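Each chain gets a letter, A, B and so on, in the order the sequences are listed, and its residues count up from 1. Nothing here was measured: the structure is a model prediction, and the numbers come from that model.
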Amino acid sequence: MLDMKVLRADPQRVADALKVKNYQFDVAAFTHLEERRKTLQAQTEQLQNERNTKSKSIGQAKAQGEDIQPLLAAVGDLGERLDTTKKEFAQVQDDLQALVMGIPNLPHESVPLGQDDSDNQQLAVWGTPRVFDFDVLDHVDLTADSGLDFETAAKVTGSRFVVMHGQVARLHRALIQFMLHKHTQTHGYNEVYVPYIANADSFRGTGQLPKFAQDQFKLEHEQELYLVPTAEVPVTNIYRGEILAEAELPVKHVCHTPCFRSEAGSYGRDTRGMLRQHQFEKVELVQLVHPATSWDVLDSLTGHAEAILQDLELPYRSVVLCGGDLGFGAAKTIDLEVWVPGQDTYREVSSCTNFLDFQARRLQARYRSAQGDIELLHTLNGSGLAIGRTLIALLENYQQADGSVSVPDALRPFADDLAQIKP
RNA sequence: GGAGAGGUGUCCGAGUGGCUUAAGGAGCACGCCUGGAAAGCGUGUAUAGGUUAAUCGCCUAUCGAGGGUUCGAAUCCCUCUCUCUCCGCCA
């Protein structure tokens, strides 16, 4: 959520900034609602004050044994007027809230202009894609006999799911262990385990609701519950409504969860293989930091994700997302894209984002400064990394002419010393 | 699943319709006192919003959440939620 003070002070400036994100902010509608809000709030509070004062005097009169009938009469239709005004005020508040909750975060000034991912700007390239002296297989063909089993998953559940067998399942598990190990032991993150189901308040807190309900798996339950689309939701919401001491900062969490996404509206895209699944594993990095540090933290957090790709010796590049490709709550996002030989291109395995105080304001996640002031935190997160896509990259980059796949050194200790996957 | 007890500020804890403007205590901060400390004494110690150029101030809301009754609700009623105890079931 944006700062209401900023919105009120200069809505036109907000509208201009949001054009970078292809978002049309209706300044007139906002200003109109805000005017009504102001009037109605003043009226409501004035009536409440009147009621409180008069009620108190009734109490005092009663305590002194005086006749309270005239006082009761003086209250008259105050209650009714208050009721009407209150309802009107609540309605305007709801409308205004709905409007403001739907406004995306302002992009940082360094975010490049652009419509979609083709306008993203490359920042750096690491490693060189391997030159193969045989015909390259993609992960589907490579594991058709022994590893990834899409037919069975389709029988058990439906499309966009996978069953993994044997050594591929082991490698998949090893990737999770390896990443958790690296982030906790080398990068100083605290591991957390969290629920894979979260309530609507949590989804609103991190910005998945109200706007993106169609992307979520909603449970049939008496309470409004959803499967988590990323660990970002449960982990960041640990701090919803909390006030941390400045000395506790920065909070750094690493968390492995499955992620559930309905992928509504992506029917034709990435239908082959396990690039885009309804369920995938992810190791997520989440930080809650002092506002002054968040831009530095974005760089270091991205570096932590990059370290995984470097240890696995997978070629990748980093790109900064353009305005049109930037997420709802993001001020700036750096994507890491790993080389996928089967597609002869780079594909996203990590998305590292600085939300500034956008999520913190919805969450009311704050800290108390040394001076005793209470201020909003800044939140950041990034994949470190998406497991399924890393596995794809691993299989395809490390494939051999005979159809086997060698396991990179860094991963072997976590895979019971598995050195090679046989076809 | 059944029965019961609860949820009050940073913490403990009082509070069954109006001197509650949430008592009292602990903790913390500052001041006085002291050679220094402890003790003692004093002052302060929530959040969100409104008003204001801003501070002070003033106003409104918040006692798990949401409704309701009432001139007036922490207190009474309803729904939900979480915690604890006992029974049952269970990995």
Q: Write down the partner of B:A23 under the Watson-Crick or G-U wobble criteria, each distance required to be under 3.5 Å.
A: none
**Q.** Base-pairing assignment for B:U70 (Watson-Crick or G-U wobble, both under 3.5 Å)
**A.** none
Q.
With rounding to the closest Å, how many angstrom separate the P atoms on B:G18 and B:A26?
A. 28 Å
Q | Minimum-distance nucleotide to A:Ser55 side chain [options: B:U47, B:G18, B:U21] | A | B:G18
Q | Same-atom distance (P) from B:G1 to B:A23, integer angstrom | A | 40 Å
**Q.** Whole angstrom value for the distance that separates P of B:A46 from CD of A:Glu242
**A.** 18 Å
Q | P gap between B:U21 and B:C58, integer Å | A | 16 Å
Q) Paired with B:U62 by Watson-Crick or G-U wobble geometry, both distances under 3.5 Å: which nucleotide is it? A) B:A46
Q | Interatomic distance at C1', B:G25 relative to B:G9, whole Å | A | 13 Å
(Q) Rounding to an integer number of angstrom, what distance separates B:G15 and B:C76 when you compare their P atoms? (A) 12 Å
Q | NE2 (A:His32) with more than 12 external heavy atoms under 6.0 Å | A | no
Q: Give the rounded distance in Å between these two atoms: CG of A:Asp201 and C1' of B:C82.
A: 14 Å
Q.
Could you tell me the Watson-Crick or G-U partner of B:U75, where both distances fall under 3.5 Å? Say none if there is no partner.
A. none
**Q.** Rounded distance (Å) that lies between atom C1' of B:A73 and atom CD1 of A:Ile58
**A.** 15 Å
Q: Grab the CD1-P distance between A:Ile243 and B:G9 for me, whole Å please.
A: 13 Å
Q | Nucleotide paired to B:G40 in any strand shown, Watson-Crick or G-U, under 3.5 Å | A | B:C32
Q: In whole angstrom, give the distance that lies between atom CG of A:Leu82 and atom C1' of B:G72.
A: 12 Å
**Q.** Identified pairing partner of B:A3, criterion: Watson-Crick or G-U wobble below 3.5 Å
**A.** B:U85
Q: Please check if any side-chain donor atom of A:Gln93 sits under 3.5 Å from a side-chain acceptor atom of A:Gln97, or the reverse.
A: no
Q | Between A:Gln400 and A:Ser406: side-chain donor-acceptor atoms closer than 3.5 Å | A | yes
(Q) Tell me if the centroids of the rings in A:Phe260 and A:Tyr196 come within less than 6.0 Å of each other. (A) no
**Q.** Contact list for residues 350-362 of chain A, test side-chain hydrogen bond (donor to acceptor under 3.5 Å, both in side chains), sequence neighbours left out
**A.** A:Glu232-A:Gln359, A:Ser294-A:Asn354, A:Thr333-A:Thr353, A:Asp335-A:Ser351, A:Asp357-A:Arg361, A:Gln359-A:Thr379
Q | Separation of the C1' atoms in B:A65 and B:G7, to the nearest angstrom | A | 12 Å
(Q) Please determine whether a side-chain nitrogen of the Lys or Arg among A:Glu263 and A:Arg269 lies less than 4.0 Å from a carboxylate oxygen of the Asp or Glu. (A) no
Q) Can A:Arg347 and A:Asp270 be counted as an ion pair, charged N to O under 4.0 angstrom? A) yes
Q: In whole angstrom, give me the gap between the P atoms of B:U47 and B:C11.
A: 13 Å
Q: Examine the side chains of A:Glu45 and A:Asn49 and answer whether a donor and an acceptor come within less than 3.5 Å of each other.
A: no
Q | Opposite nucleotide pairing with B:U51, Watson-Crick or G-U, both atom distances under 3.5 Å | A | B:G57
Q. When you check every protein heavy atom under 4.0 Å of nucleotides 51-63 of chain B, what one-letter string (B, S, -) results, 5' to 3'?
A. S-------BBS--
(Q) Suppose you measure atom C1' in B:A22 against the same atom in B:C63; what distance do you get, rounded to whole Å? (A) 8 Å
